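Only a predicted model underlies this, so the values are computations on that prediction, with no experimental measurement involved. Numbers restart at 1 for each chain; the letters A, B, ... are given by sequence-line order, proteins then strands.
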There are 2 protein chains.
Amino acid sequence: MPPSLSDRLTESILGIIRDGGLRPGDAIPSARELAKRFAITTPTVREALRKLEATGAVEFRHGSGTYVGPTINNVVLANPHRPPITKDSVLQLISARLVIEPAVAAQSAVSRQPENLERLEAAVTNALVPPGGPAFALNFHVELAAASGNPLLQEVLASLLKVRVREQQQIRALYDNRARDHEEHQAIVDAVRAQDAVRAEQLTRSHLDNIRQAVEAAPEFS
Amino acid sequence: MPPSLSDRLTESILGIIRDGGLRPGDAIPSARELAKRFAITTPTVREALRKLEATGAVEFRHGSGTYVGPTINNVVLANPHRPPITKDSVLQLISARLVIEPAVAAQSAVSRQPENLERLEAAVTNALVPPGGPAFALNFHVELAAASGNPLLQEVLASLLKVRVREQQQIRALYDNRARDHEEHQAIVDAVRAQDAVRAEQLTRSHLDNIRQAVEAAPEFS
DNA sequence: ACTCACAAACTGACTAAATCACTTAGCCAC
DNA sequence: GTGGCTAAGTGATTTAGTCAGTTTGTGAGT
C-alpha cells in the first residue's frame, strides 16, 4: 500500500520548509509554484496543504500567501475538530489536569529559571486585567509547565488548555472567582520561586481541586 | 475574516457523522455525494476531507470509500507530521514521561478496575513475544494510563508514545533489555493490583529512569 | 518632496468536466 | 460450492479556467 501522492507531497513540502530553514511566520512557495515544481496540479497541492493546515504546520492567508504555522514543530497538539463540550468532558479534563499538573509544578519548582519566574509573574498579573487585553497569550498554567524546562510538557498543557478555551467563558460566567484564582496562582509562584517542590505540588493540587468543585457545583451547560 | 468554505465543510461533515451516530469504522457518504449534497465540487470536498484525515477523524480507502477514523473523538493527538527525531528529542520525551507517568501510575493504582488489570497483564506478556505478533496494539504504558479511568490521560500517553514508534526500533537495537522491562512492568502491575499508589509511582519512576539512562548512554543516532 | 489613488500582478478559493486506478459484489461458468 | 470475470461504485488526479482578496509600485495631484 504505497503512500498516496498527496501524502508524499506533504512530506516534500515539510522538507522544503525544514531544508529552507523556514520558521513560523515565514512564507512558503505559492500553490501554483509548488504545483509547477512537483509537476502536478494545484488541487493536489491544495489537498496536501490542507492536511498541513489541519495540524497547524501551515496557515493560509487569502490573497497574500501560505505561511509556516506556529505549531509545526509540535509533537502533540489539540484536536482542531473537537467534539462538543459537556459538563462531564470538562470534569474529565480537570481530573486529568489534577493528575498531571501537580507533578509538573513540582518539576518546575526544581528547574525554574529566572526568566520563567518573570513570565509567571506576568501571567499572574495579566489575569487580573479585564478581558479584552491583548496579552492573553500568557496562560498561567502553560507558563507553569514551561518553567519545567521541558517544551514537551508545555505542549501537553497547552493542548489540554486549548480545548478548554471554548468553555472558558462558560466557566467564567458560572464561577468568576478571579480574586481567588489570583491568590492561589500567586501562592504557587511563590513556592516555585522558593524551589519548594512539595509545596508547589500541593498548592497546584488544591487549586485545581477548587476549580473542580466549582464546576461540579455548576448546573449542566447547554 | 469569514471561515473558508472548506472550513465550514469540515464542520458540516463532522455534523453528518455525529448526527448520524456514526462510529469509528463506519462509512461516510462518498465524496461525489457530499459534493452533490452541498452543491459544491469534489476538489473542495476533498480538501475538507483531507483536513479531517490529517487529524484522524476520517480515513480514506482507495476504491472502497471514506470511513470514520479511530481518533475522531480525541481531544489531544500526536502530530502526524513529526519533526525528525534526535537523541535530544528522545531524552526530552523520556523526561516528560518521567514527570507525568509516575503520577498517572499512582492514580491508576487507586482507580484500576478488574478489567484494567486483565489488559495490563496481557500487555506485559504480549511484550515478550517476538515482534511480528499482531497483538502489538496493547502498549503497557498506554494501558497503565487507561487504568486511571480517565480517557484523557490515556490519550495523552498514547499521543506521546505514538511519536516514539519511529525510534522504538532504534532504542530496541541499542538497548534490547526485554527481560528487564518485563520484570519492571510486572512489578508495576503488582503494585497497581495491590492498589499501592506510592509503590506504583516509585516503580514507574525508576523504570523510566532506567530507560533514560540507557538512552543517555547510547551513541547519537543518525 | 510627499501623499494618496489606482492599477497591475501576485496570491489563495473554487468551479467544471473528465479520466485513471482500485475495490467490491454479483454473476456465470466450471 | 469455487474460481474467475465483469460491472458499478469509489477515491486519485488532471486540465483549464474564473473569482476574490492582498500587495506593490507607479503616477497624478498637492
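- Screening residues 20-35 of chain B for side chain to side chain donor-acceptor pair (under 3.5 Å), with sequence neighbours left out, gives Glu33(B)-Arg37(B).
- Within the 4.5 Å cutoff, side-chain heavy atoms of His207(A) are placed close to those of His141(A).
- The CD atom of Glu59(A) lies 11.0 Å from the CD1 atom of Ile28(A); values are rounded to the nearest 0.5 Å.
- For the side-chain contact (heavy atoms from CB on, under 4.5 Å) with His81(B), the qualifying choice from Leu52(A), Leu77(A), Ile17(A), Ile13(A) is Leu52(A), the only one to do so.
- Annotation: Arg212(A), atom CZ; neighbour count of heavy atoms from other residues, nucleotides and ligands within 6.0 Å is above 12.
- The CG atom of Leu160(B) sits 6.0 Å away from the CG atom of Leu93(B) when rounded to the nearest 0.5 Å.
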With a 3.5 Å cut-off and sequence neighbours excluded, list the donor-acceptor pairs that the side chains of residues 62-74 of chain B form with protein atoms.
residue	atom	partner	partner atom	Å
Ser64(B)	OG	Tyr67(B)	OH	2.5
Thr71(B)	OG1	Thr55(B)	O	3.0
Thr71(B)	OG1	Gly56(B)	O	3.2
Asn74(B)	ND2	Val76(B)	O	3.3

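- Residues Asn116(A) and Glu143(A) fail the side-chain proximity criterion, which asks for heavy atoms closer than 4.5 Å.
- Of all nucleotides in DNA chain C, those with any atom nearer than 4.0 Å to a heavy atom of chain A start and finish, going 5' to 3', at dT11(C) to dC14(C).
- With the end axes of the helix from dA1(C)-dT30(D) to dC30(C)-dG1(D) each set by five pairs, the angle from one to the other reads 0° at 10° resolution.
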Side chains of residues 44-51 of chain A: which donor-acceptor partners sit under 3.5 Å, not counting sequence neighbours?
residue	atom	partner	partner atom	Å
Thr44(A)	OG1	Thr41(A)	OG1	3.4
Arg46(A)	NE	Glu47(B)	OE2	2.7
Arg46(A)	NH2	Glu47(B)	OE1	3.3
Glu47(A)	OE1	Arg46(B)	NH2	3.4
Glu47(A)	OE1	Arg50(B)	NE	2.7
Glu47(A)	OE1	Arg50(B)	NH2	3.3
Glu47(A)	OE2	Arg46(B)	NE	2.8
Arg50(A)	NE	Ser6(B)	OG	3.3
Arg50(A)	NE	Glu47(B)	OE1	2.8
Arg50(A)	NH1	Glu53(A)	OE1	3.0
Arg50(A)	NH2	Glu47(B)	OE1	3.3
Lys51(A)	NZ	Asp7(A)	OD1	2.2

How would you summarise protein contacts on nucleotides 13-23 of chain D per nucleotide, using B for base, S for sugar-phosphate only and - for none, with heavy-atom distances below 4.0 Å? BBB--B-BBSS
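- Taking atom NZ of residue Lys36(B) and atom P of nucleotide dG11(D), one finds them 12 Å apart after rounding to whole Å.
- For Glu155(B) and Lys162(B), the salt-bridge test fails: no basic side-chain N is under 4.0 Å from an acidic carboxylate O.
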